[in-house]
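Below is one structure, written out as structure tokens; comments come after it.
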Amino acid sequence: MAPCVFYYSNSQKQRETTVVLGGNNENQELERQFSPSQWSPRMSADDVIKSHVTALKEGTERARGLAQTLLNVPYGEGEGEKLDVYVPTTTSLDVPLVIYLHGGYWQFLSKEESGFMAVPLVHKGVVVVAVGYDIAPKGNMDVMVSQVRRSVVSVIQQYSHISGLYLCGHSAGAHLAAMILSTDWSQYSVTPQIKGAFLVSGIYDLLPILSTYVNEPLKMTEEVALRNSPSQLVPQLKLSSSDCDIVVAVAQNDSPEFRKQSEDYYKALESTEGLKVTLEDVPNTDHFNIIEQLVDGDYHLTQLLLKMMGKS
């Protein structure tokens, strides 16, 4: 039986992880739907993952050459609870700030490859913050959600002079960004006023992945999946983030299940009175280059983000 390629290679070892699918045909198809590397028309599954990691690393290296950087800024006590901050060379104190949450199925990648979108943004006077969090198996879903929420609180406290706070997350990072939008901030010391959020090729209902390879290191139960599914938390999002401009973006060549997740979440938000949400179906992209291209100032999503921040 053909192996199903995992979502990402281990970025440290550059090693492809594979599993041999067992079980019935229905489960095999579910595994395939949640293996984004299987769906790229540009190159093979192995190659698209390697290319993706390379693109993110190269973009981040470029950003570190262009911006003033504050690396490994702690936002909590944990070893993995650190931020990388990319600061524009501007004399203005009134700058927008974008928090980026990386993908990797909650088990790969890190903030070390997550500064790439600063390349076009620092020229426009935008601060970019890449968030580190404890990926599985060290961190579980509850831990990761708690960490990214606390990272936002820390950013607000450290950068109180910013003109606007924005979120951007890719894949698992889009899930985490949606969980931030769905936070009951009464349990925290501040209530962030998030002006905009870009949720790129995300997962918003965790129940379907419980029986797939994705859940092996996460070890989520149904209860954990439910309380960490943004699709279940739309009423809380309305309470917490009604002033936020939300963009749900999906790649033309995302798998049908990934596309359905984005479309269903968009519909749930769009049908909720008082929320501002748009769906961006980005042509000629797959699950990987939809986010990689944020390194380019002329890219459609970069332009949308700049326009949202009044920087276009």
Side-chain angles (χ1 to χ4, degrees), residues 11-12 56-57 59-90 93 95-104 106-122 124-136 138-139 141-181 183 185 188-200 291 294-295 305 309:
S11 58
Q12 275 69 46
L56 299 187
K57 282 185 169 179
T60 299
E61 284 170 17
R62 278 181 63 197
R64 289 183 178 184
L66 291 168
Q68 303 174 61
T69 55
L70 300 164
L71 303 180
N72 298 311
V73 179
Y75 65 84
E77 299 297 319
E79 186 185 344
E81 297 179 352
K82 292 185 170 67
L83 312 167
D84 288 346
V85 186
Y86 297 79
V87 185
T89 51
T90 174
L93 288 175
V95 293
L97 185 148
V98 181
I99 293 176
Y100 179 73
L101 300 153
H102 70 79
W106 309 277
Q107 56 198 282
F108 300 118
L109 295 178
S110 70
K111 69 178 179 60
E112 302 305 318
E113 306 88 16
S114 300
F116 58 94
M117 70 182 294
V119 171
L121 296 187
V122 291
K124 298 283 189 175
V126 179
V127 178
V128 175
V129 176
V131 177
Y133 54 91
D134 284 325
I135 57 174
K138 183 177 181 182
M141 192 60 72
D142 289 326
V143 165
M144 287 182 262
V145 169
S146 170
Q147 286 178 326
V148 297
R149 285 170 169 167
R150 286 186 287 110
S151 78
V152 173
V153 172
S154 178
V155 167
I156 290 291
Q157 291 169 335
Q158 292 182 57
Y159 301 96
S160 55
H161 56 269
I162 59 173
S163 63
L165 178 65
Y166 300 83
L167 299 180
C168 179
H170 173 238
S171 198
H175 160 266
L176 293 172
M179 290 300 290
I180 291 169
L181 296 178
T183 304
W185 294 111
Y188 295 81
S189 54
V190 296
T191 301
Q193 301 300 312
I194 301 168
K195 287 191 174 182
F198 274 66
L199 310 177
V200 184
I291 198 74
L294 281 175
V295 77
L305 180 58
M309 294 186 292

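Keep in mind that the numbers below use all heavy atoms, side chains included, and drop hydrogens, waters and symmetry copies.
Nearest heavy atoms, Leu199 versus Ala178: CD2-N, 4.0 Å. Among all heavy-atom pairs drawn from Ala63 and Gly115, the shortest one is CB-O, 3.2 Å. Of all heavy-atom pairs between Tyr188 and Arg150, the closest is CE2-CG, 4.0 Å. Of all the heavy atoms in Val119 and Gly59, the pair that sits closest is CG2-O, 3.5 Å. Scanning all heavy atoms of the two residues, the minimum distance from Leu109 to Ile135 falls at O-CD1, 3.8 Å. Of all heavy-atom pairs between Leu181 and Ala197, the closest is CD1-CB, 3.8 Å.
Tyr100 and Phe116 have perpendicular rings, their planes meeting at more than 60° on a 0 to 90° scale where under 30° would count as parallel.
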Q: Take His102 and Tyr133 through the ring-ring contact (aromatic ring centres under 6.0 Å, His included) test and state the conclusion after the steps.
A: CA-CA 9 Å; His102 70 79; Tyr133 54 91; 4.4 Å; yes

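Remark: Gln193 pairs with Thr191 by the side-chain contact (heavy atoms from CB on, under 4.5 Å) rule, at least two apart or across chains. Considering only residues two or more places apart in sequence or on other chains, Glu79 meets the salt bridge (charged side-chain N to carboxylate O under 4.0 Å, His left out) condition with Lys138. By the side-chain hydrogen bond (donor to acceptor under 3.5 Å, both in side chains) test, Tyr166 is found to be paired with no residue, residues two or more places apart in sequence or in another chain being considered. Residues meeting the side-chain contact (heavy atoms from CB on, under 4.5 Å) test with Glu61, sequence neighbours left out: none. Applying the side-chain contact (heavy atoms from CB on, under 4.5 Å) criterion to Leu97, with sequence neighbours excluded, gives Ile99, Val127, Val129, Val155, Tyr159, Ile162, Leu165.
To the nearest 0.5 Å, atom CE of residue Met179 and atom CG of residue Leu167 are 13.0 Å apart. Note that CG of Leu176 is 7.0 Å distant from CE of Met141, once rounded to the nearest 0.5 Å. One distance of note links CG of Leu70 with CG of Leu83; it measures 10.0 Å at 0.5 Å rounding. With values rounded to the nearest 0.5 angstrom, Ile291 atom CD1 is found 9.5 Å from Ser171 atom OG.
For the side-chain contact (heavy atoms from CB on, under 4.5 Å) criterion with Val73, the lone passing option out of Glu81, Lys82, Gln158 is Gln158.
Thr60 contributes a side-chain N or O that, together with a main-chain N or O of Leu56, makes up a donor-acceptor pair within less than 3.5 Å. Arg149 contributes no side-chain N or O that, together with a main-chain N or O of Trp185, makes up a donor-acceptor pair within less than 3.5 Å. At distances below 3.5 Å, not a single donor-acceptor pair connects side-chain atoms of Ser154 with backbone N or O atoms of Ser151. The backbone N or O of Ile156 lies less than 3.5 Å from no partner atom in the side chain of Ser160, so there is not a single donor-acceptor pair.
At least one side-chain heavy atom of Ser189 sits less than 4.5 Å from a side-chain heavy atom of Gln157. In this structure the side chain of Met117 reaches within 4.5 angstrom of the side chain of Leu305, judged on heavy atoms. In this structure the side chain of Leu121 reaches within 4.5 angstrom of the side chain of Met309, judged on heavy atoms. In this structure the side chain of Pro192 never reaches within 4.5 angstrom of the side chain of Ile180, judged on heavy atoms. Between Met144 and His175, every side-chain heavy-atom pair lies at or beyond the 4.5 Å cut-off.
Residue pairs meeting the side-chain hydrogen bond (donor to acceptor under 3.5 Å, both in side chains) criterion with at least one partner in residues 63-76, sequence neighbours excluded, are Arg64-Asp84, Arg64-Tyr86, Arg64-Glu112, Asn72-Lys111.
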